[in-house]
*Asks:* 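The following block contains the structure, expressed as structure tokens.
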Amino acid sequence: MNLPPLDPPARILLGPGPSEASPRVLRAQALPLVGHLDPYFVQLMDETMNLLRQVFGTQNRLAIPVSGTGSAGMEAAFVNMLSPGDRVVVGVNGVFGERMCDVARRCGAQVHRVEAEWGQTLPLETIQSALRQHRPQVLALVHAETSTGALQPLEGLSEAAGETGALLLVDTVTSLGGAPVEVDRNGIDICYSGTQKCLSAPPGLAPITFSEVALARLKSRSTRVQSWYLDMSMIEKYWGGERLYHHTAPISAIYGLREALAVVLEEGLEARYLRHRRNAEMLWAGLEDLGLKLVVDRARRIPSLTTVYSPDGVAEQDIRKKLLERYGIEIGGGLGPFKGRVWRIGLMGESSTQRNILYLLAALRELL
Ligand SMILES: *Cc1c(COP(=O)(O)O)cnc(C)c1O
């Protein structure tokens with residue numbers, strides 16, 4: 001058999017993830033392997049934890065990448081914090097809130113949903129009354145709901161959760177590195193993300209951080225975490241001082257993450273948020289110029305993921321297919337109630353450039 005080397009097509013990734021990775025990140029992933037207990041790697045782990053703390057905006061001791069994609073981060077957050085019979089209030093206004101409910105139920109928790117329409121966010125008062133009614137161990141919310149394009153404000157959540165003794169758990173898969181997350185300032189106890197969205201590394205790792213209060217809750221569990229692989233009390237012994245083998249770290253993926261975090265911090269967090277914001281505004285104006293209607297109110301839009309209605313009488317799938325075939329551009333379609341009605345355009349990390357926006361708008365103008 002004589003198979004030629006892989007040669008994937010050149011694409012412009014403007015969907016809900018993965019985003020484009022910087023060449024610096026891709027080069028790092030191709031570097032020679034070292035062992036997962038090699039002194040070089042141990043030092044790299046420390047460095048990566050430091051970089052993650054800066055990007056998360058936290059002083060938490062535990063800030064590490066979970067082996068697995070963003071959903072592994074979600075699963076790690078819930079399985080470590082919830083024991084059978086615990087109560088959890090989950091904000092549901094899209095696919096990822098639904099996924100949280102599914103994961104929490106599998107932990108044996110009682111799930112109480114607070115819901116909003118797709119494209120809307122959850123009012124603080126609604127969350128507060130659910131907390132008072134159910135007195136949950138955990139309040140879980142999605143910061144940037146990638147299925148709808150709505151950005152949940154984080155102000156006031158930690159005070160509301162604290163008032164009833166709940167820990168605050170937030171999904172920042174689509175926001176981390178693209179919009180302010182500020183774990184400590186916002187009083188988030190458990191926060192996870194993914195590498196392939198605004199951090200612009202390939203998919204495969206889920207950065208996560210736990211506050212001291214969350215770690216204390218983990219220590220005081222009366223039942224063992226039901227997932228061996230995601231048990232943070234064991235993983236902590238590898239990433240923390242003891243360097244005790246748990247599972248083989250995905251070496252190359254961690255090279256890539258280290259490099260991606262370095263790229264993020266070299267640009268500077270504030271400059272990066274501003275770039276995402278300015279480029280999003282340019283896209284929004286361009287889409288409106290084409291006569292298209294955006295799904296989410298301006299004040300609640302995610303800078304890294306825009307949802308826009310496809311025009312009546314236009315086969316939305318057909319447009320996406322042509323964008324990919326003729327222009328090499330990937331955008332996403334709608335999920336759930338938005339299926340067949342909405343496009344999802346990601347401007348995440350490296351993908352968020354004026355050039356990409358101009359090219360996409362020109363392509364859409366031709367196709368429509
Ligand atoms: C993409 C995403 C996830 C899941 O991440 P995977 O890497 O696909 O497992 C979870 N939450 C949100 C908000 C996401 O956008």
*Asks:* Decide yes or no on side chain to side chain donor-acceptor pair (under 3.5 Å) for Arg300 and Thr121, but give the supporting numbers first.
*Replies:* CA-CA 8 Å; Arg300 289 283 188 266; Thr121 53; 2.9 Å; yes

*Asks:* Give me the atom names and distance for the closest heavy-atom approach of Tyr273 to Gly177.
*Replies:* CE2-C, 4.2 Å

*Asks:* Establish, yes or no, whether a centroid distance under 6.0 Å links the rings of His246 and Trp228.
*Replies:* yes

*Asks:* Would a hydrophobic clustering, with Ile, Leu, Val, Met, Phe, Trp and Tyr connected at side-chain separations under 4.5 Å, put Leu199 with Val25?
*Replies:* no

*Asks:* In Å, rounded to the nearest 0.5 Å, how long is the span from CG of Leu26 to CD of Glu20?
*Replies:* 10.5 Å

*Asks:* Between Thr126 and Val114, what is the shortest heavy-atom contact and its length?
*Replies:* O-CG1, 4.0 Å

*Asks:* Side-chain heavy atoms under 4.5 angstrom apart, residues restricted to Ile, Leu, Val, Met, Phe, Trp, Tyr: same cluster for Met81 and Met234?
*Replies:* yes

*Asks:* Does a salt bridge link Arg24 with Glu266, judged by any charged N lying under 4.0 Å from a carboxylate O?
*Replies:* yes

*Asks:* Give a yes or no on whether Gln354 atom CD has more than 12 heavy-atom contacts from other residues, nucleotides or ligands under 6.0 Å away.
*Replies:* no

*Asks:* Could you go through Ile188 and Ser158, starting from their C-alpha distance and side-chain angles, then the distance that decides it, and tell me whether this counts as side-chain contact (heavy atoms from CB on, under 4.5 Å)?
*Replies:* CA-CA 7 Å; Ile188 304 172; Ser158 133; over 6 Å; no

*Asks:* For Gln226 and Cys107: C-alpha separation, side-chain torsions, deciding distance, then whether side-chain contact (heavy atoms from CB on, under 4.5 Å) applies.
*Replies:* CA-CA 8 Å; Gln226 69 268 34; Cys107 298; 3.4 Å; yes

*Asks:* If you compare all heavy atoms of Thr223 against all heavy atoms of Pro84, which two are closest, and at what distance to 0.1 Å?
*Replies:* OG1-CD, 3.9 Å

*Asks:* Can you tell me how far the CG atom of Leu283 sits from the OG atom of Ser352, to the nearest 0.5 Å?
*Replies:* 9.0 Å

*Asks:* If you round to the nearest 0.5 Å, how far is CZ of Arg344 from OG1 of Thr174?
*Replies:* 8.5 Å

*Asks:* Does Glu330 have any side-chain contact (heavy atoms from CB on, under 4.5 Å) partners at least two apart in sequence or in another chain, and if so, which?
*Replies:* Leu13, Leu324

*Asks:* Can you check whether Met348's main-chain N or O pairs, donor with acceptor, with Ser304's side chain at less than 3.5 Å?
*Replies:* no

*Asks:* Treating Ile, Leu, Val, Met, Phe, Trp and Tyr as nodes and any side-chain heavy-atom pair under 4.5 angstrom as an edge, say whether Val295 and Leu14 lie in one connected cluster.
*Replies:* no

*Asks:* State whether the number of non-hydrogen atoms from other residues, nucleotides or ligands found under 6.0 Å of Glu117 atom CD is greater than 12.
*Replies:* no

*Asks:* Will you find, in the side chains of Ser200 and Ser19, an N or O donor that is under 3.5 Å from an N or O acceptor?
*Replies:* yes

*Asks:* Do Leu358 and Leu360 make a side-chain contact, defined as non-hydrogen atoms from C-beta onward lying under 4.5 Å apart?
*Replies:* no

*Asks:* If you measure from the Lys or Arg side-chain nitrogens to the Asp or Glu carboxylate oxygens, is any gap between Arg27 and Glu259 under 4.0 Å?
*Replies:* no

*Asks:* According to side-chain contact (heavy atoms from CB on, under 4.5 Å), who are the partners of Ala76, at least two apart in sequence or on a separate chain?
*Replies:* Val66, Asn80, Ile208, Leu230, Met232

*Asks:* Let me confirm one number: the CE-CG distance from Met282 to Leu287, rounded to the nearest 0.5 Å.
*Replies:* 11.0 Å

*Asks:* Looking only at heavy atoms, which two atoms of Leu368 and Pro311 are closest? And how far apart?
*Replies:* CD2-CG, 4.2 Å

*Asks:* Are more than 12 heavy atoms, taken from residues, nucleotides or ligands other than Glu288, located less than 6.0 Å from that residue's CD atom?
*Replies:* yes

*Asks:* Would you confirm whether the ring centroid of Tyr245 sits within less than 6.0 angstrom of the ring centroid of His36?
*Replies:* yes

*Asks:* Which pairs pass ring pair (Phe, Tyr, Trp, His ring centres under 6.0 Å) with one or both residues in residues 316-341, sequence neighbours excluded?
*Replies:* Trp118-Phe338

*Asks:* I'd like to know whether Glu236 forms a salt bridge (Lys or Arg N to Asp or Glu O under 4.0 Å) with Arg61, so could you lay out the CA-CA distance, the side-chain angles of the two residues, the decisive distance to 0.1 Å, and finally the verdict.
*Replies:* CA-CA 10 Å; Glu236 190 197 12; Arg61 183 163 46 92; 2.8 Å; yes

*Asks:* Do other residues, nucleotides or ligands put more than 12 heavy atoms under 6.0 Å from the CZ atom of Arg243?
*Replies:* yes

*Asks:* Do Arg258 and Leu44 touch side chain to side chain, with heavy atoms closer than 4.5 Å?
*Replies:* yes

*Asks:* Can you run down the salt bridge (charged side-chain N to carboxylate O under 4.0 Å, His left out) pairs that involve residues 175-199, sequence neighbours left out, and say none if there aren't any?
*Replies:* Glu182-Arg185

*Asks:* Is it true that atom CZ of Arg278 has more than 12 heavy atoms of other residues, nucleotides or ligands lying nearer than 6.0 Å?
*Replies:* no

*Asks:* Are Gln137 and Val88 close enough, and set up right, to give a side-chain contact (heavy atoms from CB on, under 4.5 Å), and what steps lead you there?
*Replies:* CA-CA 6 Å; Gln137 276 76 14; Val88 56; over 6 Å; no

*Asks:* What are the two closest heavy atoms between His276 and Gly178, and how far apart are they?
*Replies:* CB-O, 3.4 Å

*Asks:* Regarding Thr164 and Arg135, is there a side-chain donor-to-acceptor distance under 3.5 Å anywhere?
*Replies:* no

*Asks:* Distance alone, cut at 3.5 Å: any donor-acceptor contact between the side chains of Ser310 and Arg341?
*Replies:* no

*Asks:* Please report the interatomic distance CD(Glu159) to CD(Gln128), rounded to the nearest 0.5 Å.
*Replies:* 9.5 Å

*Asks:* Which atoms form the tightest heavy-atom contact between Pro202 and Ala21, and what is the distance?
*Replies:* CD-CB, 4.4 Å

*Asks:* Drop me the distance from Glu115's CD to Glu98's CD, to the nearest 0.5 angstrom.
*Replies:* 7.0 Å

*Asks:* Look only at the side chain of Glu145 and the backbone of Ser147, and say whether a donor-acceptor pair between them is shorter than 3.5 Å.
*Replies:* yes

*Asks:* Just wondering, more than 12 heavy atoms not from Gln317 lying within 6.0 Å of its CD?
*Replies:* no

*Asks:* Knowing that exactly one of Leu151, Leu294, Thr306 qualifies, which makes a side chain to side chain contact (heavy atoms under 4.5 Å, CB included) with Arg301?
*Replies:* Leu294

*Asks:* May I ask you to decide if Thr209's main-chain N or O and Asn60's side chain share a donor-acceptor pair within less than 3.5 Å?
*Replies:* no

*Asks:* Quick check: does any side chain N or O of Arg272 sit under 3.5 Å from a backbone N or O of Cys198, one acting as donor and the other as acceptor?
*Replies:* yes

*Asks:* Between Leu361 and Ile331, is there a shared hydrophobic cluster once you connect ILVMFWY residues whose side-chain heavy atoms come closer than 4.5 Å?
*Replies:* yes

*Asks:* For Asp297, give me all partners under salt bridge (Lys or Arg N to Asp or Glu O under 4.0 Å), at least two apart in sequence or on another chain.
*Replies:* none

*Asks:* Step by step, would you call Asp46 with Met49 a side-chain contact (heavy atoms from CB on, under 4.5 Å)?
*Replies:* CA-CA 5 Å; Asp46 286 341; Met49 284 192 281; 3.5 Å; yes

*Asks:* Under the side-chain hydrogen bond (donor to acceptor under 3.5 Å, both in side chains) test, which residues partner Glu316, sequence neighbours left out?
*Replies:* Arg320, Trp343

*Asks:* Check whether Tyr255 reaches the backbone of Pro32 with its side chain - one donor and one acceptor, N or O, closer than 3.5 Å.
*Replies:* yes

*Asks:* Verify whether one side chain among His143 and Thr172 offers a donor that lies under 3.5 Å from an acceptor in the other.
*Replies:* no

*Asks:* Would Tyr359 and Leu364 show up in the same hydrophobic cluster when neighbours are defined by side-chain heavy atoms closer than 4.5 Å?
*Replies:* yes

